[in-house]
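I have placed the structure first, in the form of structure tokens, so that the comments after it can refer back to it.
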Amino acid sequence: MAASALIRGAPLLRLRLQHRHRFATGLLVPLRRSWCSAAESTPLEEDGVPLSTPAALSLRKAPKYSSWDDQNYRQWKDEEAEIWRDIEPITHLAKEIIHSDRYMDGEQLTDEDEKIVAERLLAYHPNSDDKIGCGLDSIMVDRHPQFKNSRCLFVVRTDGGWIDFSYQKCLRAYIRSKYPTHAERFIKEHFKRGS
């Protein structure tokens, strides 16, 4: 009687062991069993592939992700951290100028902030010569003329004209010039638009 209970419980035990093995190997694909007949003993399947086939065994292998053991990955992470350390202060300042109440709409930047923005951002804008035009009088923050909910930085020219510029374009150009080998990857991963 005990032997017959053990034999009846064998499929359940095997199922539990396979589920435990599935979680131990990191495979989280749902298991399905073919239920054609109660007498038929078919192996468990993963998405229609029997567990004993090479295809199912390859499912158990974890995908290859970059890890600290990979030399290229370590170099990338080191370079990424260096770029962040380099651009973080100017990024923080630009965001604070634009998004805080530190400056009202149409207000010129202080001499200190203007010097930093001109040297660390505007100088790297891909079209900085066109933006500055006849000469730089000051830098101000104001609402964008087309996108009224958006504030941005403006170059105020010596002739009284003014034009907006994107601090993110400036940062992307700076990163491309200073970190050419990792710039595109950094920009793709950390900027909303990579252009």
Side-chain angles (χ1 to χ4, degrees), residues 26-29 59 61-195:
L27 183 63
L28 299 177
V29 178
L59 289 174
K61 294 179 183 170
K64 184 175 184 327
Y65 295 109
S66 296
S67 68
W68 285 105
D69 296 334
D70 180 8
Q71 183 65 25
N72 291 334
Y73 183 72
R74 283 198 314 259
Q75 286 175 342
W76 157 243
K77 293 311 275 182
D78 291 344
E79 190 76 10
E80 181 185 40
E82 182 181 337
I83 295 170
W84 274 123
R85 281 190 301 275
D86 188 15
I87 69 168
E88 195 276 329
I90 190 63
T91 303
H92 178 74
L93 177 64
K95 287 180 179 181
E96 184 180 346
I97 289 169
I98 294 170
H99 300 296
S100 75
D101 57 359
R102 181 173 170 182
Y103 290 100
M104 302 301 293
D105 290 347
E107 188 175 351
Q108 292 182 355
L109 304 187
T110 64
D111 290 341
E112 182 182 343
D113 286 348
E114 183 178 307
K115 182 176 189 248
I116 294 168
V117 169
E119 291 175 359
R120 300 277 324 267
L121 290 175
L122 185 57
Y124 293 96
H125 194 285
N127 303 316
S128 64
D129 291 340
D130 293 336
K131 296 288 183 180
I132 294 171
C134 61
L136 175 66
D137 181 53
S138 63
I139 297 176
M140 72 173 186
V141 63
D142 204 348
R143 299 277 171 190
H144 193 278
Q146 290 177 322
F147 310 104
K148 297 293 183 189
N149 292 330
S150 178
R151 284 173 37 126
C152 59
L153 296 168
F154 288 85
V155 171
V156 180
R157 299 174 179 159
T158 54
D159 65 358
W162 47 277
I163 188 167
D164 67 304
F165 69 97
S166 166
Y167 81 91
Q168 288 197 3
K169 275 188 184 178
C170 300
L171 284 173
R172 288 191 292 266
Y174 172 77
I175 292 166
R176 285 182 177 119
S177 69
K178 189 165 180 187
Y179 306 97
T181 57
H182 294 94
E184 295 310 316
R185 182 173 180 180
F186 185 89
I187 290 166
K188 182 181 177 186
E189 289 186 19
H190 300 291
F191 282 80
K192 292 178 185 173
R193 291 168 294 217
S195 58

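Below, each value reflects all heavy atoms present in this structure, side chains not excepted, and no hydrogens, waters or symmetry copies.
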Which residues pass the salt bridge (charged side-chain N to carboxylate O under 4.0 Å, His left out) test with Glu79, sequence neighbours left out?
-> none
Crowded around His92 NE2? As in, over 12 foreign heavy atoms under 6.0 Å?
-> no
Those residues that, when tested against Arg102, pass salt bridge (charged side-chain N to carboxylate O under 4.0 Å, His left out) (two or more places apart) | Glu96, Asp113
dist Ser166:OG -> Leu153:CG (nearest 0.5 Å) comes out at 9.0 Å
Show me the donor-acceptor pairs within less than 3.5 Å that the side chains of residues 114-123 make with the rest of the protein, sequence neighbours left out.
residue: Glu114; atom: OE1; partner: Ile139; partner atom: N; Å: 3.3
residue: Arg120; atom: NH2; partner: Asp86; partner atom: O; Å: 3.2

For the atom pair CD1 (Ile83) and CD1 (Ile175), what is the distance rounded to the nearest 0.5 Å?
-> 6.0 Å
Between Tyr103 and Leu109, what is the shortest heavy-atom contact and its length?
-> CE2-CA, 3.5 Å
Tyr174 backbone acceptor or donor facing Ser177 side chain under 3.5 Å = yes
Audit row: Tyr167, Ile90, side chain to side chain contact (heavy atoms under 4.5 Å, CB included) steps and yes/no | CA-CA 9 Å; Tyr167 81 91; Ile90 190 63; over 6 Å; no
Distance-minimising heavy-atom pair for Leu136 and Val155 = CD1-CG1, 3.6 Å
Please report the closest heavy-atom contact between Arg172 and Phe191, naming both atoms and the distance.
-> NH1-CD2, 3.7 Å
Residues 151-164 vs side-chain hydrogen bond (donor to acceptor under 3.5 Å, both in side chains), sequence neighbours excluded, gives Asp105-Arg151, His144-Asp164
Looking at OH of Tyr179 and CD of Glu80, how far apart are the two atoms once the value is rounded to the nearest 0.5 Å?
-> 12.5 Å
Pairs where residues 121-139 contributes a residue and the test side-chain hydrogen bond (donor to acceptor under 3.5 Å, both in side chains) is met, not counting sequence neighbours | Gln108-Ser138
Just jot down the side-chain contact (heavy atoms from CB on, under 4.5 Å) partners of Pro126, sequence neighbours excluded, or say none.
-> Lys169, Ala173
Qualifying residues under salt bridge (charged side-chain N to carboxylate O under 4.0 Å, His left out), relative to Asp101, sequence neighbours excluded | none
Looking at residues at least two apart in the chain, or sitting in another chain, which of them share a salt bridge (charged side-chain N to carboxylate O under 4.0 Å, His left out) with Glu189?
-> Arg185
Yes or no on side chain to side chain contact (heavy atoms under 4.5 Å, CB included) for His182 and Glu82, after CA distance, side-chain angles and deciding distance?
-> CA-CA 11 Å; His182 294 94; Glu82 182 181 337; over 6 Å; no
Among all residues two or more places apart in sequence or in another chain, which pass the ring-ring contact (aromatic ring centres under 6.0 Å, His included) test with His190?
-> Trp84, Phe186
For Phe165 and Cys170, what are the C-alpha separation, side-chain angles and deciding distance, and is it a side chain to side chain contact (heavy atoms under 4.5 Å, CB included)?
-> CA-CA 8 Å; Phe165 69 97; Cys170 300; 3.9 Å; yes
Report the distance from atom OG1 of Thr181 to atom CZ of Arg176, rounding to the nearest 0.5 Å.
-> 13.5 Å
Leu93 side, atom CG; Glu112 side, atom CD - distance, nearest 0.5 Å | 8.5 Å
State the CD-CD1 distance between Glu107 and Ile97, to the nearest 0.5 angstrom.
-> 10.5 Å
